[in-house]
Amino acid sequence: MCGIVGYVGDEQAAPILLDGLRRLEYRGYDSAGVAVHEEGGIEIVRAVGKLRNLETALSERGLRGTVGIGHTRWATHGRPSEVNAHPHIAGPVAVVHNGIIENHLELRAELEAGGFTIASDTDTEIVSHLIHREIIAGHDMVTSIRRALDQVDGAYAIAVVSENEPRKVVVAKSSSPLVLGVSRGATYCASDIPALLPYTNEMVFLEDGEVAVLEPDGFAISTLEGTPVSRRPRKISWSPVMAEKAGFKHFMLKEIFEQPRALEDTLRGRLDREGADVVTAEVGLSEDDAKAIRRVILLACGTSHHATIAGRYWLEEFAQVPTITELASEFRGRDAVVGEGDLVVAVSQSGETIDTLMAAKEAKARGAKILAIANVNGSAIPRMADASFYTHAGPEIGVASTKCFMAQLANLLMLSIWLARRRGTMSEGEAGELIEGLARIPHLIDENLKATHETISEMVGEFSSARDVLFLGRGLSYPMALEGALKLKEISYVHAEGYAAGEMKHGPIALLDSEVPVIVLAPQDRHYERVCSNLQEARAREAKIIGVTSAGDAQTQALCDAYVEVAPTHEALSPFVTVVPLQLYAYCVADYKGTDVDQPRNLAKTVTVE
Ligand code: AGP
């Protein structure tokens, strides 16, 4: 989704804004622009396409000034074009915006009737004219922004500069994310933390309904109604190096290889191996609460939703608590039954996905307790939740989520064990065995990563021209099959379906012929024999079989056209190892085809529109 950056200080603003935008590229965009205060007034430079086009335009134009705002646009209203790119100028103000103004058509008609000329098709330009109209009425910059925002419905994070008050950037937010950064002599804003990491790790999260005035020596926050808000910066532990490629060809590959570390950091201090228990006060439940939970509802989107399906299987088996998974976008507005006694676990890498955020808010309003599982400290979902159980995967830059998925699995499994121990549904022996196994997973993944990558790189040439791919799994391998298919679709643009292996004969088997590779997840668990029968059924239709098998499983491997081995684990832990070859398969196919792996077309890292 759109990315915003802002800078006010003593350095040249344009290079800082461009650098910040580069660090936000992963959010997805199709045009970009900056506005800088120069001596004669505000100048804007905008370009369609990749940031290198903006960079060329900037070097031709040579903007000079120490206050400015920048934007990467992911088109919603109006096609990607220079005129639709942000910033949008109206009178003395320039505005960048992330979000959607829902009543923009009505406001456009009103502004046009009042003599304002609107150049673009965007909803954002409406905001700049609304602010301008208030300035014409004699208000200062902040008051004009407040009064303008009072007229809009929808989601926004905006940053504004004005020729009338040239040493300020003013920002405001409702629903869309915005973080401020503070360093000596400079203040920054951005849609996301990685944009600011090279400059500061002292950050402040703006809340909905707040406005902040940024000046070189600090910031002042107030509500839209004008009440001052006091908030101190917090130190973010991520380092700028964590958001670099570190010699890997793509962020996605780096993040796949970082999974052992991400998992170790997420498990650190939370596994009590001697006591056969999980140590976490973070879930915010007392022992009595844990026993009294009537039901768990797992809310998420996309990859995070796939993690919750594994979470459901663990919660039901281990904690014996009725659990459902809900696509957050489908949960809202259908009058789902939710209320007291329900524990709603909202799972989100970014912590900002609007569907998950709004669904969790709806559940909270109806009396459910909300537990957030998120990777970004202080993001919107943890902020609205009753408790937060963070994953510690570090910043994830590739649009296709990998290491955060792995860390989400870990948290969902730890939550299941924690609840199971409190509800008396898991013995010390069982818990001990599982915890021991979980603690060994980072090492098992690490040991096999390089070889798995090599095996898959060698095999993809044979399969990469396939137009359709089917992924099959049973039990805990089913959500991994869904995830494998999503990864392949996202970055290689190959049509793929994840299916419960037992469902294949109820429909998708009709698709099979010698042109369709079928990736079968066949770890040696309780479903093994039946999955092998499904594999045989696909083989009988001449499909090409790629097996994900336990190491040394010669019997299944003999039935496959190609196979990858995974380390044998406790059967409840198989998702941690089986998903890795699927991520690598998607990566290698995409790399073979030469697609834009880290910024696939049409996708955004953080989805802040409904
Ligand atoms: C993952 O590869 C996807 N890009 C996407 O499905 C993502 O998982 C989804 O948008 C949810 O994001 P979140 O975890 O930040 O809420």
Side-chain angles (χ1 to χ4, degrees), residues 1 3 25-28 74 175-177 191-194 250-253 255-256 259 262 298-311 325-332 344-361 370 372-385 388-391 393-409 411-412 479-480 482-493 496 498 579 582-587 590 595-610:
M1 301 284 119
E25 273 192 296
Y26 69 95
R27 290 173 63 87
W74 188 83
S175 293
S176 304
S191 297
D192 221 341
I193 296 169
H250 295 101
F251 278 110
M252 183 184 178
L253 186 62
E255 287 159 3
I256 292 172
Q259 293 186 107
L298 300 168
L299 279 181
C301 301
T303 285
S304 301
H305 171 65
H306 298 154
T308 65
I309 301 175
T325 56
E326 287 273 5
L327 285 166
S329 56
E330 283 295 310
F331 181 80
R332 287 188 69 202
V344 169
V345 185
V347 182
S348 170
Q349 173 278 130
S350 59
E352 298 285 353
T353 299
I354 195 87
D355 288 323
T356 312
L357 175 65
M358 300 313 263
K361 280 187 177 170
I370 313 294
I373 293 184
N375 195 52
V376 181
N377 214 285
S379 50
I381 297 171
R383 290 206 305 274
M384 62 69 60
S388 300
F389 184 24
Y390 282 105
T391 52
E396 188 175 70
I397 309 294
V399 165
S401 182
T402 52
K403 63 176 182 173
C404 286
F405 176 73
M406 183 69 78
Q408 288 169 345
L409 290 176
N411 274 21
L412 287 161
M480 300 310 111
L482 294 176
E483 178 56 9
L486 179 66
K487 286 282 92 78
L488 190 64
K489 277 185 272 207
E490 280 190 297
I491 59 168
S492 73
Y493 317 143
V579 76
L582 308 186
Q583 297 165 336
L584 283 166
Y585 184 82
Y587 173 79
T595 59
D596 192 346
V597 170
D598 286 329
Q599 291 155 38
R601 67 184 182 206
N602 305 337
L603 290 179
K605 182 68 182 164
T606 309
V607 181
T608 49
V609 295
E610 289 178 76

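Computed from a predicted model, the values in this text were never measured in an experiment. In each ligand, atom 1 is the first atom listed, and ligand 1 is the first ligand listed. Values below: every heavy atom of this structure, side chains too, minus hydrogens, waters and symmetry copies.
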Closest approach of [X] and [Y], non-hydrogen atoms and distance?
X      : Y      : result
Pro194 : Pro395 : CG-CB, 4.4 Å
Ala346 : Thr356 : CB-CG2, 4.0 Å
Ile491 : Val597 : CG2-O, 3.5 Å

Go through the steps for Gln259 and Gln583 under the test side chain to side chain donor-acceptor pair (under 3.5 Å), then give the verdict.
CA-CA 11 Å; Gln259 293 186 107; Gln583 297 165 336; 2.7 Å; yes
Report the nearest protein non-hydrogen atom to [atom]: residue, atom name, distance rounded to 0.1 Å.
atom                    : answer
atom 10 (O) of ligand 1 : Val607 CG2, 4.0 Å
atom 1 (C) of ligand 1  : Thr303 OG1, 3.1 Å
atom 9 (C) of ligand 1  : Cys301 O, 3.8 Å
atom 13 (P) of ligand 1 : Thr353 OG1, 3.2 Å
atom 15 (O) of ligand 1 : Ser350 OG, 2.7 Å
atom 4 (N) of ligand 1  : Glu490 OE2, 2.7 Å

Can you tell me how far apart OG (Ser175) and CG (Leu357) are? Round to the nearest 0.5 Å.
6.5 Å
Do Thr356 and ligand 1 have an N or O pair less than 3.5 Å apart?
no
Are any of the N/O atoms in Lys605 less than 3.5 Å from those in ligand 1?
no
Need the ligand 1 atom indices (1-based, order shown) with element for anything under 4.0 Å from a heavy-atom of [X].
X      : result
Ala400 : 2 (O)
Lys487 : 1 (C), 2 (O)
Ser401 : 1 (C), 2 (O)
Ser348 : 13 (P), 14 (O), 15 (O), 16 (O)

Quick one: does ligand 1 sit under 4.0 Å from the side chain of His305, the backbone, both or neither, non-hydrogen atoms only?
neither
Please name all residues satisfying side-chain hydrogen bond (donor to acceptor under 3.5 Å, both in side chains) with Asp598, sequence neighbours left out, ordered by chain then number.
none
Residues two or more places apart in sequence or in another chain: which of them pass salt bridge (charged side-chain N to carboxylate O under 4.0 Å, His left out) with Glu396?
Lys605
Under the side chain to side chain donor-acceptor pair (under 3.5 Å) test against Gln408, which residue among Ser304, Ser348, Ser401 passes?
Ser304
For atom 14 (O) of ligand 1, which candidate among Ala346, Ser304, Cys404 holds the nearest heavy atom?
Ser304
Please find out if less than 6.0 Å separates the ring center of Phe405 from that of His306.
no
Going by atom types only, do Lys487 and Thr402 share a side-chain donor-acceptor pair under 3.5 Å?
no
contact_flag Val399 ligand 1 heavy-atom lt 4.0 Å:
yes
